[in-house]
Structure formats: C-alpha cells, structure tokens
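None of the values given here were measured: they were computed from a predicted structure.
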Amino acid sequence: MSQPVTTNPLIIMLINMTVVFIVLISLSFLIRLIHALDPTKKKEEAQVVPVAAPMPAPSVAPEPQPEGLSAEVVAAITAAVTLCGFSGGAIRTIRPLARDGWKNSGRTLR
C-alpha cells in the first residue's frame with residue numbers, strides 16, 4: 001500500500017472544497033447551456049394564456065345566515081367561494097361541520 005500524500009487536515013479540506021465547487025460551477029454552466037439550447041422554449045412562449053378579467057360580484061345574496069355568524073363572516077365566505085370560480089348562488093347553507101372526534105379524544109385516551 002502507498003502512503004497518503006498528506007495528513008494535514010487543512011490541505012485535505014481545501015482539496016475537497018475545490019473539487020466540490022468545480023463540480024457545482026460545471027453543473028451551473030450545464031444548466032445554462034440546456035436553457036439556451038432548449039428546443040421546447042419557443043413552444044412554451046407561444047402558448048401564453050391570457051389572464052381572465054375578474055368576475056363581477058354576484059347579485060344573488062346567500063340565504064339567511066344561521067345564528068352565531070355575522071354578516072362579515074358570511075361576506076368573507078361568499079367572497080372566498082367566488083374567488084374559487086363559483087357563483088355566489090352556489091352557496092346553499094353555511095354551517096359548521098359536526099366533528100366531535102378531537103373534542104373527546106383527550107378523555108378517551110386515558
């Protein structure tokens with residue numbers, strides 16, 4: 001077996017870091033080359049989708065609000081639904097879901 005070239009840890013660290021940065025820089029150049037030679041680049045630029053104009057506010061008001069919900073909460077929920085692409089008339093009722101699973105979990109695990 002041959003003897004190591006050096007046992008100095010600083011020289012070993014410098015050699016290793018130099019190798020790592022040379023590889024990273026070469027990968028950066030390779031990525032830039034791929035972006036420059038990309039044959040699908042022109043196809044993607046031609047398929048730009050125009051941005052749709054914002055939808056007008058719905059004229060249909062939701063049904064009467066349940067107890068405990070203020071008008072601001074109903075308006076916020078209606079605005080969120082219309083931003084998702086649905087009309088305000090798509091809201092039939094606004095009510096909390098009955099999920100008692102987490103409410104009693106601390107009592108049942110003991």
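When atom types are taken as modelled, the side chain of Ser28 and the backbone of Leu24 share no donor-acceptor pair closer than 3.5 angstrom.
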Enumerate, atom names and distances included, each donor-acceptor pair closer than 3.5 Å involving a side-chain atom of residues 4-21, sequence neighbours excluded.
from	atom 1	to	atom 2	distance (Å)
Thr6	OG1	Asn8	N	3.1
Asn8	OD1	Leu10	N	3.3
Asn16	ND2	Ile12	O	3.3
Thr18	OG1	Leu14	O	2.6

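Atom CG of residue Leu33 and atom CG of residue Asp38 lie 11.0 Å apart, to the nearest 0.5 angstrom. Rounded to the nearest 0.5 angstrom, Ile77 CD1 and Thr82 OG1 are separated by 12.0 Å. To the nearest 0.5 Å, the span separating CG on Leu27 from CZ on Arg32 amounts to 12.0 Å.
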